[in-house]
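Reminder, nothing fancy here: chain letters follow the sequence lines and each chain counts from 1. It should be emphasised that the depicted structure is a prediction, and the values quoted were computed from it without experimental measurement. Computation of the quantities below employed the complete heavy-atom set of this structure, encompassing side-chain atoms and omitting hydrogens, waters and symmetry-equivalent molecules.
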Amino acid sequence: MNNVYKLHAHLLKTGLHEDPSSLHRLLLSCAACAPDSLSYARSLFAHIHSPDTLAFNTIIRAHSHSSPLHALSFFTLMRRRFVSPDHYTFPFVLKAGSRLRVGFEIHSLIMKLGFHSDVYAMNGLISFYGGLKYVEFARQVFDEMTVKDLISWSSMISCLNNNGLWYEALCLFKQMQIVGNFKADEVTMLSVISAVSSLGALELGRWIDSFVRRSDLKLTVPLGTALIDMYSRCGSVDDFIRIFDEMPKRNVLTWTALINGLAVHGRGREALRAFDEMKELGLQPDDITFRAVLVACSHGGLVVDGWRVFDSIKNEHNIEPMLEHYGCMVDLLGRAGLMNEAFEFVEKMPIRPNVVIWRTLLGACVSHKNVDLAEKVRERIYELDPSHDGDYVLLSNAYGGIGKWVEKAVVRTSMREKRISKEPGYSYLNVDGVIHEFVSGDNSLPKSDDTKDFLVSIIRSLSDEGYIPCTSNVLHDIEDEEKEYSVSYHSEKLAFAFALLNYKDRKTIRIMKNLRICCDCHCFMKHVSHKFNREIIIRDRNRFHHFSDGSCSCQDYW
DNA sequence: GTAGGGTTAG
């Protein structure tokens with residue numbers, strides 16, 4: 001900013017202070033500086049006698065990000081002064097617009113002024129609609145464009161990806177290469193990689209990885225970091241470590257992706273080592289790094305290390321711990337069975353605990369069968385969010401865990417009365433590029449009877465080897481035999497049976513599921529991994545479980 | 001002589 005002031009003073013001295021191009025350059029420098037330099041930019045702009053399109057574009061662009069209302073009023077001024085917008089103007093204005101109505105106005109203006117076949121203006125519309133989650137409108141603009149460039153495709157792919165339409169984003173990416181014959185660049189790939197990460201589809205991930213390798217793209221810091229995260233979410237530890245090693249340059253985000261990956265795969269010690277190594281290199285951890293390290297501690301049961309890291313956030317790094325960090329600590333203490341310590345921690349927190357914190361504690365109460373505390377915690381949750389399905393399920397599991405079937409039934413009934421339904425559990429399995437979906441007790445699948453029969457025979461054969469179905473998580477108060485029946489068909493078990501029937505010689509079975517794996521399925525997977533000599537990798541809502549030879553990477557601590 | 005559209009990775 002100092003240079004801007006100096007230059008301005010110089011211009012005033014030399015009489016060039018009304019020269020449009022000098023002023024314009026000053027404006028540009030202002031825009032590149034911190035947002036608080038914007039008022040200076042506005043006063044500079046006021047010096048320009050008759051600002052042209054370029055000057056308006058620059059001042060609008062400067063404001064579009066951090067001061068959108070100013071940007072829009074400059075656009076209004078531009079129209080009032082009959083300065084004609086060019087194709088750069090629209091994307092800037094659209095970036096500032098955050099309401100659909102504004103977008104519509106600009107959309108019709110673009111049409112009226114004859115910019116309907118201008119890629120710049122139309123691409124701006126795609127990202128505008130995409131940003132407001134109006135995917136249909138974005139798609140319509142995209143489809144109606146007669147000429148598209150790489151940025152049109154890229155904007156549309158990112159729009160689909162950002163709105164949860166991951167599969168559609170990947171389809172469009174494929175289409176881009178066939179129809180459009182465009183070469184994806186780094187920005188495009190970041191969206192594509194993000195879509196694969198969300199889908200957790202390893203085979204697709206490997207294909208994208210080799211695609212990046214085959215193209216002329218360099219393994220830049222953002223690209224490599226995105227790939228690390230992708231492999232970690234797709235369940236391949238070896239692959240994300242490989243990418244990390246291959247990267248010529250790394251930053252805090254890269255290290256955080258690595259630490260987080262190790263954490264969710266149950267490699268807490270390695271995550272801590274990576275954290276130390278990162279600090280030795282002089283990189284400053286930030287809030288997200290700390291969250292990853294704390295997750296590593298809580299999944300690994302590293303209570304002492306967790307406390308040390310938590311205290312260091314403030315003491316060593318001068319960062320005020322955030323709600324999320326407190327949440328990690330509650331999880332850490334709760335999982336470790338230090339229930340009273342966890343409860344005290346929540347009560348003494350300097351930030352008001354939210355429902356997520358209490359819910360974490362409730363989860364710990366259930367795993368440690370502490371029903372008294374669970375009821376107390378449930379009260380707190382009830383005040384904040386009375387209609388969350390998961391809380392009812394947790395509490396009912398808490399009762400089930402200690403055989404209080406009457407209380408369990410009461411919870412179940414109140415759930416029914418309030419018309420709260422439990423989110424159904426489902427699992428995904430990829431067989432030869434086709435993604436199969438399984439729902440608990442599912443009948444819809446082709447050959448589903450075969451799968452079920454096979455599953456029943458597996459369960460029978462396991463019971464000879466000491467596997468006892470654990471039914472405390474069954475929601476209904478039903479007879480024992482029925483209970484067993486109900487957990488028998490949990491979606492991940494169906495997926496496993498289906499995989500055994502349909503995978504020829506594959507040793508590794510990868511399953512994704514939406515909820516947390518239950519006790520019984522966890523126990524089941526340990527047994528079958530040994531019996532059938534398979535590696536089973538399950539991604540649940542929170543983390544990964546790698547089952548092999550009768551044990552799990554989480555060491556039954558999850 | 002020159003600015004300027006997508007997305008910002010964990």
Is [X] side chain donor-acceptor paired with the [N] base, going by distance under 3.5 Å alone?
| X | N | result |
| --- | --- | --- |
| A/S152 | B/dG6 | no |
| A/S155 | B/dG6 | no |
| A/D286 | B/dG10 | yes |

In terms of side-chain heavy atoms, does [X] have a donor or acceptor partner in [Y] at a distance below 3.5 Å?
| X | Y | answer |
| --- | --- | --- |
| A/S158 | A/N161 | no |
| A/N514 | A/D540 | no |
| A/R539 | A/H545 | no |
| A/S155 | A/S127 | no |
| A/T254 | A/N251 | yes |

Could you identify which residues of residues 182-216 of chain A place a heavy atom less than 4.0 Å from some atom of DNA chain B, listed by residue number, or say none?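 Residues of residues 182-216 of chain A under 4.0 Å from DNA chain B: A/D185, A/V187, A/T188.
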Given B/dG6, is OP1 or OP2 found less than 4.0 Å from the side-chain N or O atoms of A/S158? no
In whole angstrom, what separates [X]'s [atom1] from [N]'s [atom2]?
| X | N | atom1 | atom2 | value |
| --- | --- | --- | --- | --- |
| A/F173 | B/dG6 | CZ | C1' | 15 Å |
| A/K95 | B/dG6 | NZ | P | 4 Å |
| A/F142 | B/dG5 | CZ | C1' | 15 Å |
| A/F275 | B/dG10 | CZ | C1' | 14 Å |
| A/D86 | B/dA3 | CG | P | 14 Å |
| A/R61 | B/dA3 | CZ | P | 11 Å |
| A/H87 | B/dG6 | NE2 | P | 13 Å |
| A/L125 | B/dG6 | CG | C1' | 13 Å |

Angle between ring planes, A/Y129 versus A/F137, binned at 30° and 60°: parallel, tilted or perpendicular?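 Taking A/F137 first and then A/Y129, their aromatic rings sit tilted (interplane angle of 30° to 60°).
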Assign the ring pair A/F173 / A/W207 to parallel, tilted or perpendicular, where the plane angle (0 to 90°) is split at 30° and 60°.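 Because their plane-to-plane angle is over 60°, the rings of A/F173 and A/W207 count as perpendicular.
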Describe the nucleic acid contact of [X] in one word from base, sugar-phosphate, nothing, applying a heavy-atom distance below 4.0 Å.
| X | answer |
| --- | --- |
| A/L227 | nothing |
| A/T254 | nothing |
| A/N123 | base |
| A/F92 | sugar-phosphate |

Residue [X], side-chain heavy atoms: nucleotide from [options] that is nearest:
| X | options | answer |
| --- | --- | --- |
| A/A257 | B/dG10, B/dG6, B/dG4 | B/dG10 |
| A/L54 | B/dG10, B/dG5, B/dG4 | B/dG4 |
| A/V221 | B/dG5, B/dA9, B/dT7 | B/dA9 |
| A/T256 | B/dA3, B/dG10, B/dG5 | B/dG10 |

Just wondering, do A/K148 and A/F142 contact through their side chains at under 4.5 Å, heavy atoms? yes
